[in-house]
K.L.:
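Have a look at this one before I ask anything.
Here the structure is a predicted model, which means the values were calculated and not measured. Chain letters run A, B, ... following the sequence lines, proteins first and then strands; every chain starts at 1.
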There are 2 protein chains.
Amino acid sequence: MTKNGDPLLDENFQILHQFLVNHYSFPDRDSRHVFNKFQFVDVKKNTTLHQQNQICEYAYFICQGCVRTFFTNRKGEENTRYIAFENNFVSAFSSFITQTPSLENVQTLENSKLLKIKQSDFFSLVNHHATFSKLYLHSLEQAQVISTWRLETMLSMTAKERYRDLLERMPQIVLRLSNKQVASFLGITQESLSRLKARK
Amino acid sequence: MTKNGDPLLDENFQILHQFLVNHYSFPDRDSRHVFNKFQFVDVKKNTTLHQQNQICEYAYFICQGCVRTFFTNRKGEENTRYIAFENNFVSAFSSFITQTPSLENVQTLENSKLLKIKQSDFFSLVNHHATFSKLYLHSLEQAQVISTWRLETMLSMTAKERYRDLLERMPQIVLRLSNKQVASFLGITQESLSRLKARK
DNA sequence: CCATAGTTTTGACGCAAATCAAAAAAAAGA
DNA sequence: TCTTTTTTTTGATTTGCGTCAAAACTATGG
């Protein structure tokens, strides 16, 4: 899985390590015990990491690449709920937290290098390591901030305003992903997005 | 404030007590110490409990009545983000949590009996009482579930579908509140709501 | 009780975005 | 390289919802 069997020497684990040190004052001595719970996976673009209606068993830390969560409504259209890039954890969180069947799918949008961790291991870290309890709380709070923002844009802006706002707030989504994905995130059709970009 | 100075004998504190016992296995012996941190307030309909751009200092437990959170967008329209009835905590949570200026207002929609608690007291309870740390985590998770649901409805449903869905999922909102409030929650105008109800 | 204010309904019209369809452009494979 | 598939753009039409305005209905207070 890792290059030489020792996570501490693997560059992907280094990325996670650095992330924990930078944002959650991760203490060095815990390294091995913590990183043993993570497993490296290298997956192609458009890989489904989690299917809706299943109970979500893993959370993923993105070392490289891009992952989205989306649900398919009764008309069969896909609605993107969240898009994450490098240095973020991603999962079907309501299901991951409550261990009930999820409403959403989790899928890569680029070839991605991920570190996955089982639900039980994750919560054992959350319960026993200050670093991870901070990380968990912070993630819940951040998720709330982003949900609130998106709901606000949906309630109060036109498609064009939402596009401009997205370009400002999460430029990576617009710059790295296809129109199809951007449109799905904005809650409009590809055609509308194309037109809206044309008339500046 | 309370009828006779002792929170433990006041009916509004009884409601909170029962709520904590029922949902978060609150241990009886803690009562006085905990309830001393709450303050009873009886407020009229349409009272502003918190103004946007301020740092939110209180969370409110609703003993009776109804409270909404909303933001006013640049066009001056009010967009309702959340509506809570009896037996719920409500606040401008992102601001309450992070102690940064809030984007939203908090306002009563009915005459309401509330128990308010200061931010510092609330988090001291969260940090020292299993009951409140459970409550806090559960609230964050619930907030996430509701945000996700609302975002999903905004992304994938027409106004009429959203109305039907709301009627099923949160009938109180439709039954207890004015069209104006329901429309604001659904993200449409009052006129549209009226028409949409007319053509069944 | 009436008077005034607030809420809900109805009507006429406009526009943003959806839909269906097909062409053009770009990317991926052989 | 040329072929095939995928993505993006353009066109014609429909539609759901907003806007503005006025009427009908419902509260509320003096």
K.L.:
Kindly indicate whether the side chain of A:E141, heavy atoms from C-beta on, has any atom under 4.5 Å from the side chain of B:I97.
P.N.:
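A side-chain contact under 4.5 Å exists here.
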K.L.:
Using a heavy-atom distance cut-off of less than 4.0 Å, which residues of residues 76-85 of chain A contact DNA chain D?
P.N.:
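Per residue number, the list is empty: none.
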K.L.:
Has the side chain of B:R195 got a donor or acceptor that lies under 3.5 Å from a partner of the other kind on the base of D:dT15?
P.N.:
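Side chain to base: no pair present.
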K.L.:
Check whether the ring centres of B:F89 and B:Y60 lie less than 6.0 Å apart, and answer yes or no.
P.N.:
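Ring centroids of B:F89 and B:Y60 are no less than 6.0 Å from each other.
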K.L.:
Are the aromatic rings of A:H17 and A:F13 close, with centres under 6.0 Å apart?
P.N.:
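When the ring centroids of A:H17 and A:F13 are compared, they turn out to be at least 6.0 Å apart.
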K.L.:
Looking at D:dC17, D:dT7, D:dT19, which one has an atom nearest to any side-chain atom of B:R199?
P.N.:
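From the listed options, D:dC17 comes nearest.
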K.L.:
Any side-chain N or O of B:S194 below 4.0 angstrom from OP1/OP2 of C:dT9?
P.N.:
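For C:dT9, OP1 or OP2 has a side-chain N or O of B:S194 closer than 4.0 Å.
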K.L.:
I want to check one thing: is the phosphate of C:dA17, taken as OP1 and OP2, less than 4.0 Å away from some side-chain N or O of A:S192?
P.N.:
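Result: no.
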K.L.:
Measure from the side-chain heavy atoms of A:A198 and tell me the nearest of D:dT10, C:dT8, D:dT19.
P.N.:
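Nearest nucleotide to the side chain: D:dT10.
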K.L.:
Looking only at side-chain N and O atoms, does B:N179 come under 4.0 Å of OP1 or OP2 in C:dT9?
P.N.:
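For B:N179, the contact criterion (side-chain N or O under 4.0 Å from OP1 or OP2 of C:dT9) is met.
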K.L.:
Using a heavy-atom cut-off of 4.0 Å across all strands, would you classify B:T158 as base, sugar-phosphate, or nothing?
P.N.:
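Contact class for B:T158: sugar-phosphate only.
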K.L.:
Carefully, step by step, assess B:F96 and B:F122 under the rule side chain to side chain contact (heavy atoms under 4.5 Å, CB included).
P.N.:
CA-CA 10 Å; B:F96 184 75; B:F122 182 82; 3.6 Å; yes
K.L.:
State, without any angle test, whether A:R68 and A:T80 hold a side-chain donor-acceptor pair at a distance under 3.5 Å.
P.N.:
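Judged by distance alone, the side chains do pair up.
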